[in-house]
Number of protein chains: 2
Amino acid sequence: MSMVTLKDIAKVAGVSYATVSRALSGSSEIGEDTRKRILKLCEEMGYTPNAVARSMVMKRTNILGLIVASLDNPFMSELTTNIEIYARRCGYNLMVCNSSYDVDLEKEVFTLLVGRQVDGIILLPISSESYESLKSLTAQVPTVFISENLQDLPEDYVAVDNRQGMRIATEYLYSLGHRKILYFGCRSHSVTHRLRLDGYRQACESLGIEADVLYSPFSRSSHEAGYQLADEYFSGEHAHTAMLCATDSLAIGVMRAAFEHNISIPDQLSLMGFDNISFAALPPINLTSIDQPKQQMATAAVDLLLDRIAKPEAGHTSVIVPPSLVERRSAKQLSE
Amino acid sequence: MSMVTLKDIAKVAGVSYATVSRALSGSSEIGEDTRKRILKLCEEMGYTPNAVARSMVMKRTNILGLIVASLDNPFMSELTTNIEIYARRCGYNLMVCNSSYDVDLEKEVFTLLVGRQVDGIILLPISSESYESLKSLTAQVPTVFISENLQDLPEDYVAVDNRQGMRIATEYLYSLGHRKILYFGCRSHSVTHRLRLDGYRQACESLGIEADVLYSPFSRSSHEAGYQLADEYFSGEHAHTAMLCATDSLAIGVMRAAFEHNISIPDQLSLMGFDNISFAALPPINLTSIDQPKQQMATAAVDLLLDRIAKPEAGHTSVIVPPSLVERRSAKQLSE
DNA sequence: AAGAATTACGAAAACGTTTCCGTAATCCTA
DNA sequence: TAGGATTACGGAAACGTTTTCGTAATTCTT
C-alpha cells in the first residue's frame, strides 16, 4: 500500500534525487543512458509521482474548482461534463462542489476550494446575487463565472447571448405564422431572465406584434412553476397560438397542463423553450428550443480561466456565445 | 494574491510554528490566552490553512476520487450529487473524472487519481469489464464500486437488488391483471442486466405465467435502442398487454415507438422501466419504474470507502440496497 | 518546602518533490 | 595542448504544514 517514492528510486539507482527528477521531467541536463536506466527502474518499481509533493514546491496544484448549484440539473451536468473533459485535456483535474442553491454554502465551498489551493475556480452561480456574495473572495483566486451575464461587472465570464436567443425564438414563431405569442417568464432577479424577456420584447416590436407576458410567481424556474402558471392560464381565456417559455423546464410544466386541459401540442398550440437541456430531446417531449452551446461554453470558460491564471493582472474578459434554434416537434406552422 | 502562511502568523505573534498549529488544531497543549490571541491574529491577517502542505505531512489528502462513465447520464449525476454532498459532510472533497464509457480512459484516470494521492476512489463502472481491467490497480488504493453487482469478487461494492426489483415489477404488472408481459432487455454483458432478467423469469415462473423476452442488439441501453427494438416489435404481431424494460432509457424509446404506431400508453399497453431516473418523473413521460435509492447508495458507498480507508486490511463488504416501486401513469389496471 | 507531576511552549525533523548552485569530467577551439 | 565552454551530475534548500521530543516554568503532592 505504501508508495514507492522518488527517493527510493534514487537510492536503488545510486543517483541523487535531482537526477531522478530530471529523468522524469524530460530535462536535457541528463545523459541518455542514465535516463533510460532510471525510467526503466521507475517502471519496474511501479513508481507514481506524488502530485501533492509536486504541488507543494511548484506552488500550483493543476486542480480547478467547480462550484455548481446542483449536478442534478441537466444543463449544469452537461456543462460540468464538458468542463471536466476539456480541463483534463489541458492538464487539470476538477474538484466539484454542489452549492445546493444556497448562497451561504456557495461561499463556504469557495473558501474550502481556496484552502485546497486550486489554481482557479469556475462558478455556475445560483443567481446574480452570487456575485455580490462572493465579491470579496473572487480577488483571492482566479475565477470565471459561467452562464450568468454579469454585464459590466469586473469579472471574467462566459454566457450565451440571451437576448439574441429570444429574438431568434420569437422570429421563428413569427415565421411559422404566429402573431399572438405569449411569453412565459419567471420573476427571477437574474440578468439572464431580464435579457431573455428583453429579446422577446425587442423582436415583437420590430415585427410589429403585441408583446404579452405572464410571470410565474416562483423565482426558480421549474416544471412545477410552469405547470401551475399554465394551468391557471388555460383555465381562463387563452387566445394565443404560441407560447414562448423562458426555460425548457417551464415548458415541460406547460406540456403537462396542456395535456390535462386537452390542448394538443403542437396542433392547437405551439410551444418553445430555451436552454435545450437534454430532456428536451427525449421523444415524448420533443421540445423545440434555443440551444446554449454547452461544449463551447465549457471550453471557453476553461480557456478564460487558464488565461487568467497565466496573467492574473490582465483586464477582465467576457465571452458571449451565440445561441441557435433547435427545431423539434412542439412548434409548427400555424394552419389557417 | 500570495497567501499568508502559518509562518507569517508565527512571526507576527512572536511564537513558534508549533504554537500556531496547536492553536488552530484545537490542541489542549496551549494556554487559553495565547490561543485566543493567535486565532484573532489569523482572522485579521486572513489566514487560510494550506491543505496541500497539510496533506504532505499527514499522508492523507481528504480527497476522494470519483470515476463516472458520464455525468450526462441522469442516474450517475444524481448519484454523484449525493456522493459529493455526503462526502463533504464527512470532511472529504471530491475529484471527479469522466471515463466517457471508455475502459482504457477509465484505467488512465484511475492512475491519475492515484498520483493525486486521493484517499480512496468510488467507481461507477462502465460495465463488469471494468473490474477485470482495473483489477491490478484497485489494490493500490481503497476502492468501492457502485451500481454494478460484483457478486463474489474480492471488492467492496454497493448495488441495488436488481433481481428483487424486477420481481417487484413483474408482480406489480401481474397484480394489475396483466398475464402477457414482455421483457425488453439489452444484450449487455453486465451482471446487472443478467440479474434483472433473472428476476423477471423467476417471478413469471412463480406466478405461473409465460416469460417472453426481446433483446436489443445494442449493448448500451439507450432510448434509441429502445425505439428501434419497439418499432420493430410493433410492426409485427404484438399480443402483450404490458412491457417491462430493463432500464428507463429503453422505456422512453418505447414510448416514442408506441406513439408513432398509435398505441396509447397506458390505455392499450402498460409500460414500466427500471432505475427511476429523473426523466421518469417529468410530466410528459410519467413512467412507472423501479427506484434505485440513489441517496442511500451514495452514503453507503462513502461509508464503505471510509471504513476501508480506516481498515485497509479488513475483509471485503458489499451493500445491497432494496429497490422500490414508483407508481406513475405508464402502467394501469388491465381493463376487460 | 522539596520533589514529582503537569503545563505551555520552542526547536527541529519530516513529508516528496523541484530547482538553484557548484563542480568534476569531458568536449571543443585555436 | 592549454584554455574555456559544455555536459552530467550531486548537495542542499525550499514549499507549508504536523508532530515528536525536550525543557523551562508552574502547579500539585505530602
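Just so it is clear, the structure is predicted and the values come from calculations on it, not from any experiment.
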To the nearest angstrom, how far is [X] atom [atom1] from [N] atom [atom2]?
| X | N | atom1 | atom2 | answer |
| --- | --- | --- | --- | --- |
| B:I38 | D:dT17 | CD1 | P | 13 Å |
| A:K36 | D:dC9 | NZ | P | 14 Å |
| B:Y17 | D:dT20 | OH | C1' | 17 Å |
| B:E32 | C:dA8 | CD | C1' | 12 Å |
| A:R37 | D:dA8 | CZ | P | 14 Å |
| B:R60 | D:dT19 | CZ | P | 11 Å |
| A:M56 | C:dT18 | CE | C1' | 12 Å |
| A:D33 | D:dC9 | CG | P | 7 Å |

Where the side chain of [X] is defined as all heavy atoms beyond and including C-beta, which of [options] is the nearest nucleotide?
| X | options | result |
| --- | --- | --- |
| A:S16 | C:dC9, D:dG10, D:dT17 | D:dG10 |
| A:T34 | C:dT17, D:dC9, C:dC9 | D:dC9 |
| B:R22 | C:dT18, D:dC21, C:dC21 | D:dC21 |
| B:A18 | C:dG16, D:dC9, C:dA11 | C:dA11 |

With sugar-phosphate meaning primed atoms plus P, OP1 and OP2, does [X] contact a base, only sugar-phosphate, or nothing at under 4.0 Å between heavy atoms?
| X | result |
| --- | --- |
| B:V15 | sugar-phosphate |
| A:K7 | base |
| A:S21 | base |

No-hydrogen, no-angle side-chain donor-acceptor test under 3.5 Å, [X] and [Y]:
| X | Y | result |
| --- | --- | --- |
| B:R22 | B:Y17 | no |
| B:N93 | B:R88 | no |
| B:S77 | B:T80 | no |

**Item:** Pair A:E43 + A:K40, salt bridge at N-O below 4.0 Å
**Value:** no
Would you call B:E32 and B:R35 a salt bridge, taking side-chain N to carboxylate O under 4.0 Å as the test?
-> yes
Sorted by position of nearest nucleotide on DNA chain C, 5' first, the leading residue of A:T5 and B:T19 is B:T19
Between A:Y47 and B:G14, the residue closer to the 5' end of DNA chain C by nearest nucleotide is B:G14
- Does any non-hydrogen side-chain atom of B:V160 lie less than 4.5 Å from one of B:I320? no
Inset, instruction - Taking the side chain as every heavy atom from C-beta outward, state whether A:I83 and A:M297 have any atom pair closer than 4.5 Å. - result: no
Between B:E29 and B:M58, whichever has its closest DNA chain D nucleotide further toward 5' is B:M58
In short, B:T317 meets B:D156 closest at the heavy-atom pair N-OD1, 2.8 Å
Terminal axes of the helix from C:dA1-D:dT30 to C:dC27-D:dG4 (5 end pairs apiece), angle rounded to 10 degrees, sit apart by 40°
- Hey, does the side chain of B:K59 come within less than 4.0 Å of C:dG16's phosphate (OP1/OP2), counting only N and O? yes
